[in-house]
Amino acid sequence: MAARPVDEVRNLKLFEYRAKQLMGKYGIPVPRGAVARTPGEILSVDYPVAVKAQVLVGGRGKAGGIKFADNLEDAKSRAGEILAMNIKGERVKSVLLEERLEVARELYLSYVIDRSSRSVLLMASGDGGVEIENVPQERIAMVPVPPFGYSPFISKILKTAFGLNDDQSKQVDALARNLYGMFISEDCELAEINPLVLTAGGQIIAADSKVTINDDALFRHPEFSEDMDDLTPLEQRAKQEDIAFVQLDGNIGVIANGAGLTMATLDILTINGGRAGVFLDLGGTDDPKKVTRALALMKDAGPGVIFLNIFGGITKCDTVAMGVREAVQTIGIDIPIVARIRGVNDDIAREILKEIGIESSTDLIEAARKAVKAAVK
Amino acid sequence: MAARPVDEVRNLKLFEYRAKQLMGKYGIPVPRGAVARTPGEILSVDYPVAVKAQVLVGGRGKAGGIKFADNLEDAKSRAGEILAMNIKGERVKSVLLEERLEVARELYLSYVIDRSSRSVLLMASGDGGVEIENVPQERIAMVPVPPFGYSPFISKILKTAFGLNDDQSKQVDALARNLYGMFISEDCELAEINPLVLTAGGQIIAADSKVTINDDALFRHPEFSEDMDDLTPLEQRAKQEDIAFVQLDGNIGVIANGAGLTMATLDILTINGGRAGVFLDLGGTDDPKKVTRALALMKDAGPGVIFLNIFGGITKCDTVAMGVREAVQTIGIDIPIVARIRGVNDDIAREILKEIGIESSTDLIEAARKAVKAAVK
Amino acid sequence: MAIMVGRETKVIVQGITGHQGQFHTKSMKEFGTKVVGGVTPGKGGSAVEGVPVFETVHEAVEQTGANSSCIFVPARFAKDAVFEAVNAGLGLVVVITEHIPFLDAMEFVNYAKLRETTVIGPNCPGVTSPEFGKIGIMPSKMFAKGDVGVISRSGTLTYEIVNALTEAGIGQTTCVGIGGDPIIGSNFVEVLSRFEKDRKTKRLVMVGEIGGTAEEEAAEYIREHVSKPVFAYIAGRSAPQGKRMGHAGAIISRGRGTAESKIKALEAAGVVVAQLPTDIPGLMLGK
Amino acid sequence: MAIMVGRETKVIVQGITGHQGQFHTKSMKEFGTKVVGGVTPGKGGSAVEGVPVFETVHEAVEQTGANSSCIFVPARFAKDAVFEAVNAGLGLVVVITEHIPFLDAMEFVNYAKLRETTVIGPNCPGVTSPEFGKIGIMPSKMFAKGDVGVISRSGTLTYEIVNALTEAGIGQTTCVGIGGDPIIGSNFVEVLSRFEKDRKTKRLVMVGEIGGTAEEEAAEYIREHVSKPVFAYIAGRSAPQGKRMGHAGAIISRGRGTAESKIKALEAAGVVVAQLPTDIPGLMLGK
């Protein structure tokens, strides 16, 4: 089993402009707009215009990542400002220049994979906008879409939830139906429009869009390969190896197998006064080379000590040990390794590690304490 | 509730040539062919040709309804012979002239609405041909199609059931998938290919096709209105009135409300030595005019006595009585009427009937005996 | 006790503003049923027979706490109406509407099963528990409280038999008209299993018809799982066979489906099968 | 007794001719599991580890009387494999395959529910009843017969805990790895309800993780329906929050989903929650 990075499910996040391109393809009304990577790329747009930082973190507006401009020169300088920004640790690489909408009302509409109901859940509220998660539950309609597809009754629920007239309701119905079509066809994990704007002119438009694609379904959607570039180089390498890799702010590098064990390892280190700087979940593998590559990755992440915590099952302990030996002998791992090895073929594994000078324990707590001590040095 | 005609579900049977046109539209390979209503319509076809009576009853082959011809003259005279035939009471109105296939194997494939599994049931057997119902159960694959659609695994089952090579399996898979598509899109109740022919040249072709369309879904398929002409004029009138109407060979005309009560009425008459000549189920109605039209229909069917057996619920007894009075007073019903009236407003009904000289009973057995006696006279 | 309709039952009527919806809302209320709301799109905010009308089932459920629905909407909109009711989490949905396309019924029956909603019908007279209320269109007068559970594929014939039972002094716990369509939400077996578990129900009456194999399947179930005495009537002994087209039906039924087959199967399972519907009370009283 | 895997369990392996399929067929057989057949299209007629290979699940079921399946087929074919197993009427389908698209999992989980097939997984280590056998990939050595039921979202962590239990002399009735994916066939509540009914199972161990609200839902269920003592560990107390995108997740979880929320809910339901996975045996022994 491969791990999910902590509490997130596996997904590929699309930038707003990509999400809107996708929605446009499915007939969902989005504002006219253009994307630019440098101010020089901005030629002419309809003014007034909104200049929006393209980042994947939330809270962009509050951080100053959205500005407005009335003419070309203005747009270029606003874009220049935003492109120089770093929002919550994420460098802004592009801006979206978009027509400004005359907003009459802000609504909320999303589809998401819902664990509890095991369905695609539609959520809709007349109280759209950035603080939607604080709107009381009873003012958000939550409808698990029947597995047989979008059904006409949903349109009645949206009409009531949004408080729309017949014409607006028709627009919303078409939009919600198309968005569901997109969600299914593109293997989304989330498709969110917030705000969904009712303009002064009575049009319904997706003013901001968030879309994530289910990573495991990417084999059906090769066209998203270009959208992978929000990962750091190390993260990208990890992804290619099918290794869950998360960078943290401590100095112990954790290598474990399985999401649960990986998280439990963090818990044990924390309780014993240590802090992980990176963790790396081998998942299930029978390939020593994968382990070797994981160690190379860990070396480049540069923690103070590596804590190897393996409970052998699918991933046999000797497989891991062979991979470690290969890494030590060919790449050269200059960081101390503390190992805790249990499970299938742990005796063989301990022998192999001993040969290359790594003492291993069977006791989890004992090993964790040793790793914490080594990290403090 | 409306009744189904005895043990049949509500359906519209298509003639073979119509079924094949429909299948062709969905990409299912059918033999080249042309339909003719008179020998004169036959111009030129590919010889040798099969001339096939277009009837809806089974056992056409044994009854001589399929003949072969090697040239135009031959085809015309064979067609003339068949067009003069009456097969199991059904007059032949048209013939289908079809290329003769070089048959290597005869297979069986069908989809049908299945009550037990509440699904569209696929049935397939390598032992196709006319006697398929006598093939042992274990040699017929029965697969309830998942409600989410035709699934790839079905193709493997068909390959095994039919004993096909890869190329044949591909053909059958496409055919079975398309046939399922047709079944759903056209609201079929049955879509059967028997035999499904594997030709000497390795082609898979639907040699004979039976399709019935679910009557209740005809509002979605107005194009089938032209296919209604296999009904007798009385049946057609009944259908328009939403009255279940079946002609039998006795001389008591039964009018009842509800399929179950109608059938129970036949049972009671039979046990008491009577035989129904026609029965007519009013279904649920609150319109006296429908009752009047039902009596007009019954008059034209011409039984020796009319046995009116009503248990009032949705259909109130006084509604029925008013309809009867209207029929007696305006159309003039010259056949004796024996009435048994129970349920909602039966007292009012009995008064109304009394006014027009019809004595009614509340006791079912007593009334049935009276009707049988009247019929014998 | 009873099955399906009990003390906690709160009903909404979908299609309440139509002719049938209005009439039967009144009748259900008069029978003592808690009809708490109705749904007709475009008529939200109005009232029928003192019952508030809502735009959506979700709204009706939120406002009234309804747990059951009775559906009268026209056939072409019925599928969506059932979907809406199931989606809103109702426990019991009674579909009175007739002439619903098979594929529509199949879809809503499947959806209901997925979401653990019991569907009765379509094309059925509904469910009546003389002690607690009725959901559907059964004539109110004929019932009496008692210990007999009635399950029937036929509408009018049910009335005939229930009426005969009541006249003979035999009351009922619940009468369930499962509907005569090929695709129905709850079949004999499913309703039998509920009656078997219901302590108040001591005896069962089952009304079948020719066609399909539901009675044969019920017989098998009765033999293995039903401890209570069952009395049955199968309509259509003397009805003619329909003109069947194709072989598919014959393959499925394999000789079953006739009155003879059903009666034989039921008798083999220990069921007392009446020759005429009106014979049932006498058989129950041991006459 | 045990749950899911018992004396009557007969397993087929879908994808038996692959590397994993072969390896675990051997391991399951060695553990005493009745592996009666395998399925790999195109390889019908061959044999793996003395087990006959069939072209289709239907054929395998007909020939061997199998009632359970263990699925190793690659992710992109997994949905169809589960559909086939469900269609063939199997009672239990264990899906080992990882990286199955959510929508595929959703569809087969729905289909299985409709046809009353229990699905465990996907992305799970399977089910092991030390007394009767194992379906899946759990290492065989660590189990011991006993009275504890184990349910876990995590694979390796389960091994860690089961191993610790066995070393402490605490045996198991059944260990169920429900899988870590968002969409799984059987969740905590569904497996808890089975353990609650199983007479041999006296105590329960539940291993959860941060993310989703399954543990909170389990806590609610335990409070109302589980009479047996439950011991739990929730992994991820000190794991960082992922970068969440959009508001949808926050609307659904409403503050739940964290280790704190889960632990609080479980403790409120009377569950003993361990700080570390290795603490569980001690807590069970009252140390």
Side-chain angles (χ1 to χ4, degrees), chain B residues 107-127 135-181 183-184, chain D residues 12 14-17 37-46 52-65 69 71 73-90 93 95 101-117 119 183:
Chain B
L107 313 169
Y108 175 90
L109 179 69
S110 71
Y111 291 100
V112 65
I113 298 282
D114 179 47
R115 295 162 185 253
S116 295
S117 65
R118 289 158 176 150
S119 68
V120 177
L121 187 68
L122 173 147
M123 293 192 279
S125 175
D127 303 330
V135 168
Q137 192 97 35
E138 63 272 18
R139 284 169 63 190
I140 303 176
M142 297 173 94
V143 179
V145 181
F148 307 97
Y150 185 92
S151 302
F153 76 85
I154 296 172
S155 131
K156 294 197 304 165
I157 293 176
L158 291 176
K159 191 181 180 199
T160 313
F162 289 159
L164 302 177
N165 66 31
D166 285 352
D167 169 63
Q168 294 158 355
S169 170
K170 256 184 209 157
Q171 291 183 57
V172 163
D173 185 40
L175 185 150
R177 193 181 288 272
N178 290 339
L179 189 62
Y180 182 74
F183 192 96
I184 300 297
Chain D
I12 56 164
Q14 289 177 257
I16 193 170
T17 55
V39 176
T40 300
K43 302 270 175 77
S46 65
V53 179
F54 300 92
E55 284 291 310
T56 68
V57 176
H58 291 69
E59 217 185 333
V61 169
E62 229 165 67
Q63 301 287 320
T64 67
S69 175
I71 293 186
V73 307
R76 62 183 69 192
F77 306 113
K79 180 177 111 176
D80 195 53
V82 181
F83 265 63
E84 186 180 352
V86 171
N87 191 273
L90 297 179
V93 176
V95 188
F102 300 149
L103 292 176
D104 290 8
M106 207 175 271
E107 233 180 78
F108 70 62
V109 162
N110 279 327
Y111 185 45
K113 183 160 185 198
L114 263 180
R115 305 257 308 172
E116 289 161 28
T117 298
V119 168
I183 304 296

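Below, read A as the first sequence line, B as the second, and so on, with proteins coming before strands; counting in each chain starts at 1. Every value quoted in this text rests on a predicted model; they were computed, and no experiment measured them.
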Minimum heavy-atom distance D/N87-B/P144, with the two atoms named:
ND2-O, 2.8 Å
Atom group of D/V82 that falls short of 4.5 Å from chain B, counting heavy atoms
neither
What option among D/T56, D/V86, D/V57, D/L114 has the most heavy-atom pairs under 4.5 Å with chain B?
D/T56
Classify the angle between the aromatic ring planes of B/F148 and D/Y111 as parallel (below 30°), tilted (30 to 60°) or perpendicular (above 60°).
perpendicular
Please determine whether a side-chain nitrogen of the Lys or Arg among B/K156 and D/E84 lies less than 4.0 Å from a carboxylate oxygen of the Asp or Glu.
yes
About how many Å separate CD of D/E55 and OG1 of B/T160, when rounded to the nearest 0.5 Å?
5.5 Å
Heavy-atom proximity to chain D below 4.5 Å, by part of B/S151
both
